Amino acid sequence: MGSIFNAQQIVNGLQLGSIYALIALGYTMVYGIVRLINFAHGDFFMVGAYAAYGAFFLFNAFLGGSGLPMAAVTLIVAMAAGSVVAALTNRFAYKPLRNKPKLSSLITAIGVSMLIEYLFSALPFIGASFRAFPVLIEQKLYKIGTATISNYVVIDLLVAATLMIGLTFLVRKTALGRAMRAVSQDKDAAKLMGIDVERVIGWTFLIGGAFAGAAGLLAGMTYPRIFPYMGILPGLKAFIAAVLGGIGNIPGAMLGAYIMGLAETFASAFNSLLGEGIAFAILILVLLVRPRGLLGEKSADKI
Amino acid sequence: MNSLKTPRLLFAAAGLYVVILVMNLTGLLNDYFLHIINQSLIYVTLTVSLNLINGLTGQFSLGHMGFAAVGAYVSGTITTLLFNVKPTLVNYPIFVLALVIGGLAAALVGVLIGFPSLRLKGDYLAIVTLGFGEIIRTILNNISVVGGPRGLLGIPKFSNFHVVFVVAFVTLVVVRNLAQSSHGRAFLAIRENELAAELVGLNTTRYKVMAFAIGAFFAGVAGGLLGHLLQMAHPTQFGFLGSVLVLIMLYAGGVGSLTGSVIAAFALTFLTETLRMVLDSLSDMTNLPLGDWRMVLYALLLILIMLFRTEGLMGTREAKIVVLKEDQL
Amino acid sequence: MSALLSIRNMTHYFGGLKAVSEFSYDIPPGVIYGLIGPNGSGKTTTFNLITGIYRPTQGQVFLEDRDITAQKPYLIVRAGIGRTFQNLRIFGGMSVLDNIRAAKQYRAKSWMLSSVLRLPGFMNEEKRIRDESMALLDVLHLADRAGDLARNLPYGALRRLEIARALATEPKLLLLDEPAAGMNPKEVQDLMKLVQRVRDEFKVTVFLIEHHMKVIMGICEYVKVLDFGTTIAEGKPDDVGRDAKVLEAYLGKKGAAC
């Protein structure tokens, strides 16, 4: 029994958790600010992976070579692609519905998600079939104790940590971060204080999209197979992670994502059906036992 | 006074039934067309039953096809694996029994899903129902007795125009009669303002669970019909996309309007088939896989409805024929 | 004296904040009882505690000596307490008549199956509910709007509709949460008459929260003044109006606006 809780599984779980965390942050930020479950967020992740894929072949054709500089460039492209799609989605699909019932936005989000997935699947130069993700960086394996750690683990954890530290700094120390916190507390009051709420929402989508794009690249590199529907399940699991941590809460999303990564890794090692279903089991448990999540605050409705 | 008591909907339905049947017998309407009508009628059942949950009671289920899956697999297991009967007239009682048991099994699942809905609203409820749908799909994928990922094959073709028509009609009448009764007003009150509904003495918990149970029952029966029409039940057939398709029909027709649900179920089933034919022949000509463009169009349709006509075709209006007068049977 | 509603040592905290503190009082049957206090003094919270929306941190609520503390809201309604809301909670997408009929549903006995099959028992009950509801709308001058969507009514009529809906549950005690909020002086006058008429015709006890001093002083037979969750004065309106603490809490801080 002790075999499934070994160091190797913990490493794998943290690696998976890093990718979930980058996606979950976008979910939680958008929810915190516009109170919308952005169903299409998982698809921004997929777009990031395809953008990285395209960028690699494009740059490889013109410049040649691989290695760290190339990886850095593809990372930037992936983040930019995630941002652009997120911003477009916000501008054309969500913004017109800002003052309509919440459910309209939610259904629109489902529509956007379908649109991105099937558009990618229908476009002849992308297509529905699986593609093998190119090797950006040679994989190296290090043996530490009983666990084997690849340099991909290090890269995944490092990229995720850097971005998360950057985000924390942005939210805590900058004017934009202050505005974001204000809008998430009370949109109307923030507006009265002279904050351009739409601008803040726009930035939130840009940042969330960039993070999802980065996660797309990392996932492509780590689990080297991409396809137009690859965003659905990770998106859903990252969302559940955000709910687990307390939706709208940034440290909560990170915590929830790592718990989710570890739980899924352990559960899969135990039984594949359990691995597939653990995320939903966590969701239902959280919603029944502690709907505001681990770090979420209690909200009070005015009656 | 007497004219008020005539069951207009029944007459209209009977008329439609006879017309379609005569057209089919005289060859004006070929069997392929009839098959699409059958599918449309099954979607009428699905959309109208979803309307009870999402439209009338104001809950939000994203897993309606999960209920249909339960109905399809349970009824399919009974007719195919348990009795292994041929679709002959003498065996129809077994089929009807199987449909009802499938529906009841789905209703039971509906009650289970209804319970989280007691504490959850809107988007959270959407996620939970979606999760339930996915769990059902995952479980079906892993039960080898019912075919696992291959699906349950060789289901006898019990479903035909008569059965499908009657079920769609009964569903419509039940939901309509329920909606236009004191119980229906309780459903509506919950949609309009749940706290106020509780504070006029309504047991909102009970009503929400009932809405899920009744909606799930009819979805389960519809699933059973679909399985016995297509002669198979497949896990992905009842996945998230299927649920979204029913959702598109509901919103295209207008949430809260049964008339809208019926019209949209027909229109979109026919649109699906037309697009399938057009895209298939285009694919053949160009040698390109164009099938996915159909879903692109559906996604766009859903987005456009939400952006420009949230109330759908009918809003909450009903065709006169569907509305009961105050003292009408 | 046998009170209709009695509240014993009720205390409620939101997080660390004490919203209601050591509340105890009795409301005798048949009176119009007023509760007045500045914003944030715990008035609406009191109503939410009585109607079971919040569970009190401490203390009990009795209706005719029956303990109803923290029961489910719909059971408290069924026990005989109806209420209105400060921010209207109308069933906007339903007709005016259906707003009332929805409130009568909990007393209906027909099963769902009976309504689906339109059995005679159900049809008779529907007719009875409809007639009763129309009669109620008539009393509140809403009968001519019975078929309209509730959300299309003017503001004053919506306030009346909420009172009608609360009465439709056939309460012994009617809780009115700032019924005069947002009304002009003419409407306030009409409302005051209406409340008295409702008390007399429907034999209910009225428990009323108000901001308007005039309403409280004009129609209440007994007044209780709150400030920061504690009672600072109570008694007949005239006596309370002369109380120094009340004058300070009300006129001192808030000026003569009330």
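Everything numeric here is computed off the predicted structure, so don't read it as measured data. Side chains included, hydrogens not; waters and symmetry mates left out as well; all remaining heavy atoms used.
Heavy atoms closer than 4.5 Å to chain A are found in the side chain of B:Thr310, but not in its backbone. Proximity to chain B (any heavy atom under 4.5 Å) is restricted, for A:Phe39, to the side chain, taken from C-beta onward. Neither the backbone nor the side chain of A:Ala279 comes within less than 4.5 Å of any heavy atom of chain B. Using a 4.5 Å cut-off between heavy atoms, B:Ile127 contacts chain A through both its backbone and its side chain. Residue B:Leu62 touches chain A through its side chain alone, counting heavy-atom pairs closer than 4.5 Å. At a 4.5 Å heavy-atom cutoff, the contact between A:Leu115 and chain B is made by backbone and side-chain atoms alike. In this structure, the portions of B:Val296 lying under 4.5 Å from any heavy atom of chain A include both its backbone and its side chain. Within the 4.5 angstrom heavy-atom criterion, only side-chain atoms of A:Leu236, from C-beta onward, approach chain B.
When all heavy atoms are compared, the tightest approach of A:Ser129 to A:Pro228 is O-CD, 4.4 Å. Residues A:Gly127 and A:Tyr50 approach most closely at O-OH, 4.3 Å, considering heavy atoms. Taking every heavy atom of both residues into account, B:Ala252 and B:Leu268 meet most closely at CB-CD1, 4.2 Å. The minimum heavy-atom distance linking A:Ala212 with A:Phe44 is given by the pair CB-CB, 3.9 Å.
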Residues 248-263 of chain A, side-chain donor-acceptor partners within the protein, below 3.5 Å, at least two apart:
from, atom 1, to, atom 2, distance (Å)
A:Asn249, OD1, A:Gly252, N, 2.8
A:Asn249, ND2, A:Leu295, O, 3.0
A:Tyr258, OH, A:Ser18, OG, 3.0

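Of the inter-residue distances, the one linking B:Leu271 atom CG with B:Arg276 atom CZ reads 11.0 Å to the nearest 0.5 angstrom.
Listed in order of number, the residues of residues 96-106 of chain A that approach chain B to under 4.5 Å between heavy atoms are A:Pro96, A:Leu97, A:Lys100, A:Lys102, A:Leu103, A:Ser104, A:Leu106. Residues of residues 21-38 of chain A lying under 4.5 angstrom from chain B, judged on non-hydrogen atoms, are A:Tyr31, A:Arg35, A:Ile37 by number.
For B:Arg309, the CZ atom counts as densely surrounded, since its 6.0 Å shell holds more than 12 non-hydrogen atoms of other residues, nucleotides or ligands.
Per-residue counts of heavy-atom pairs under 4.5 Å with chain B were compared for A:Ala109, A:Gly111, A:Ala93, A:Ala122; the largest is that of A:Ala122.
Evaluation of the side chain to side chain contact (heavy atoms under 4.5 Å, CB included) rule for B:Gln39 yields B:His35, B:Leu229, B:Leu230, B:Thr269, B:Glu273 as partners, not counting sequence neighbours.
With no hydrogens or angles considered, a side-chain donor-acceptor pair links A:Tyr229 and A:Ser121 at under 3.5 Å. Remark: the B:Ser261 side chain and the B:Asn51 side chain contain an N/O donor-acceptor pair separated by less than 3.5 Å. Side-chain N/O atoms of B:Glu134 and B:Thr138 include no donor and acceptor closer than 3.5 Å.
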Full working for side-chain hydrogen bond (donor to acceptor under 3.5 Å, both in side chains) between A:Ser113 and A:Glu117: CA-CA 6 Å; A:Ser113 168; A:Glu117 286 159 19; 3.0 Å; yes

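For an aromatic pair to be called close, the ring centres must be under 6.0 Å apart, and A:Phe205 with A:Tyr94 satisfies this.
Counting only heavy atoms from C-beta outward, the side chains of B:Leu302 and A:Thr108 never approach each other to under 4.5 Å.
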